[in-house]
Amino acid sequence: MTDQADVRQIWQTADAVCFDVDSTVITEEGLDELANYCGVGDKVAQLTKEAMGNGMSFREALTLRLDLFKPSLQVVEKFVQEHPPQLTPGVKEVVSLLQKRGTAVYLVSGGFFRIIEPIAKLVGVPVENIFANKLLFNEKGEYEMFDKDQPTVSSGGKARVVQLLKDTHGYKRVVVVGDGLTDAEACPPAEAFIGFGGNVLRPSVQEKAKWFVTSFTELAEPLKS
């Protein structure tokens, strides 16, 4: 991969596209919004900042943040009902254009399946095409932990998902679109990474992206030709 033209060409001919969810498909960060809903938004944000600064692994940081407020099944379901997803403008059109071209679309996220499921329905992505973390509850619906067997729970998880999709479906051209370094790190095995800065612009991601966009309109245009 040498330049933006190569990435655009792969984008136009991709077998599959994996979109990050938080700050990409939606304008927010799902876990932060759930924490806000539970009244611990500031504490979780501070913990996130400390975790990132101390080089803590994604799994460790997730454990600490969830243990801080232990969201019950009832609270999560209520949050999903009362807090409809804030879709990033233009994302539905891009998903539709890709699918019309025969490109498979996936949502690959370090967020949670129960929060991402309604987002997938809104943008027209099949539920079975979601790769995300899963909250685990006891028989009373109380939070216990999260499923540590999901690939997205560890650092490098998105790269593992891309490889799994290639091995399972035989995809030759996979593109990853997202706002974070975890998305950039999934290429390779993905053939191309497109940095997205429409909601949060991260200079470190911009540096790693051969093609960096700030709106879904920029992604839609090449799919219309």
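Only this structure's heavy atoms are used, side chains among them; waters, hydrogens and symmetry mates stay out. Remember, it's a predicted structure, so these values are computed and weren't measured experimentally.
A salt bridge is absent between D15 and K172; no separation between the charged side-chain nitrogens and carboxylate oxygens falls under 4.0 Å. The residues E93 and K224 are annotated as salt-bridged, a charged nitrogen and a carboxylate oxygen being separated by less than 4.0 angstrom. Between E221 and R8 no salt bridge is recorded (no basic side-chain N to carboxylate O distance below 4.0 Å).
When atom types are taken as modelled, the side chain of D3 and the backbone of D6 share a donor-acceptor pair closer than 3.5 angstrom. When atom types are taken as modelled, the side chain of T88 and the backbone of V91 share no donor-acceptor pair closer than 3.5 angstrom. With hydrogens and angles disregarded, a donor-acceptor distance shorter than 3.5 Å links the side chain of E218 to the backbone of S215. A donor-acceptor pair is defined here as one N or O able to donate and one able to accept, closer than 3.5 Å; no such pair exists between the side chain of E144 and the backbone of L135. With hydrogens and angles disregarded, a donor-acceptor distance shorter than 3.5 Å links the side chain of T63 to the backbone of R59. No donor-acceptor pair under 3.5 Å is formed between the side chain of T103 and the backbone N or O of A16. A distance-only check finds a donor-acceptor pair linking the side chain of R101 to the backbone of L223 [under 3.5 Å]. Remark: the backbone N or O of G30 is paired with a side-chain donor or acceptor of D22 at under 3.5 angstrom. With hydrogens and angles disregarded, no donor-acceptor distance shorter than 3.5 Å links the side chain of W11 to the backbone of P222.
Listed here is the closest heavy atom pair of Q99 and P126: NE2-CD, 4.4 Å. The two residues N133 and G110 come nearest to each other via the heavy atoms ND2-O, 2.8 Å. The minimum heavy-atom distance between V161 and P151, with the atom names listed, is CG2-CG, 3.8 Å. Considering every non-hydrogen atom in both G195 and A209, the closest pair reads N-CB, 3.7 Å. Pairing each heavy atom of E191 with each of I10, the nearest pair is O-CD1, 3.8 Å. Here the closest heavy-atom approach between residue V162 and residue A190 is recorded as CG1-N, 3.6 Å.
In this structure, OH in Y171 is found 12.0 Å from NZ in K166, a value given to the nearest 0.5 Å. Note that CZ of F137 is 7.0 Å distant from OG of S72, once rounded to the nearest 0.5 Å. Between the CD1 atom of I26 and the CD1 atom of I116 there is a distance of 7.5 Å, given to the nearest 0.5 Å. Atom CD1 of I119 and atom CD of Q86 lie 10.0 Å apart (nearest 0.5 Å). Between atom CG of residue L62 and atom CG of residue D67 there is a gap of 9.5 Å, rounded to the nearest 0.5 Å.
Under the 4.5 Å side-chain criterion, counting only non-hydrogen atoms from C-beta, C18 is in contact with L165. The shortest side-chain heavy-atom distance between E142 and L73 does not fall under the 4.5 Å cut-off. Side-chain contact between L87 and V123: present, with at least one pair of heavy atoms (C-beta onward) separated by less than 4.5 Å. L181 is listed as a side-chain neighbour of V205, based on a closest heavy-atom distance under 4.5 Å. E28 places a side-chain heavy atom less than 4.5 Å from the side chain of H83. Contact of the I194 side chain with the V176 side chain is not registered, since no non-hydrogen atoms from C-beta on lie closer than 4.5 Å. In this structure, the side chains of L66 and F112 come closer than 4.5 Å at one or more pairs of heavy atoms. T152 places a side-chain heavy atom less than 4.5 Å from the side chain of V108.
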Residue pair F193, V7: steps toward the side chain to side chain contact (heavy atoms under 4.5 Å, CB included) verdict: CA-CA 8 Å; F193 163 64; V7 178; over 6 Å; no

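A donor-acceptor pair shorter than 3.5 Å cannot be found between the side chains of T27 and N199.
Ring pair F196/F19: centre-to-centre distance not below 6.0 Å.
A cation-pi contact, defined as under 6.0 Å to the ring centre and within 45° of the axis, links K134 to F113. Taking the centre and axis of the six-membered ring of F146, the NZ or CZ atom of K148 falls inside the cone set by 45° and 6.0 Å.
Pairs of residues two or more places apart, or lying in two chains, that qualify as side chain to side chain donor-acceptor pair (under 3.5 Å) and include a residue from residues 179-190 are T24-D179, K158-D183, D179-R202.
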Return all side-chain donor-acceptor pairs below 3.5 angstrom for residues 31-44, not counting sequence neighbours, or 'none' if the list is empty.
{"residue": "N36", "atom": "ND2", "partner": "D32", "partner atom": "O", "Å": "3.4"}
{"residue": "Y37", "atom": "OH", "partner": "E82", "partner atom": "OE1", "Å": "2.8"}

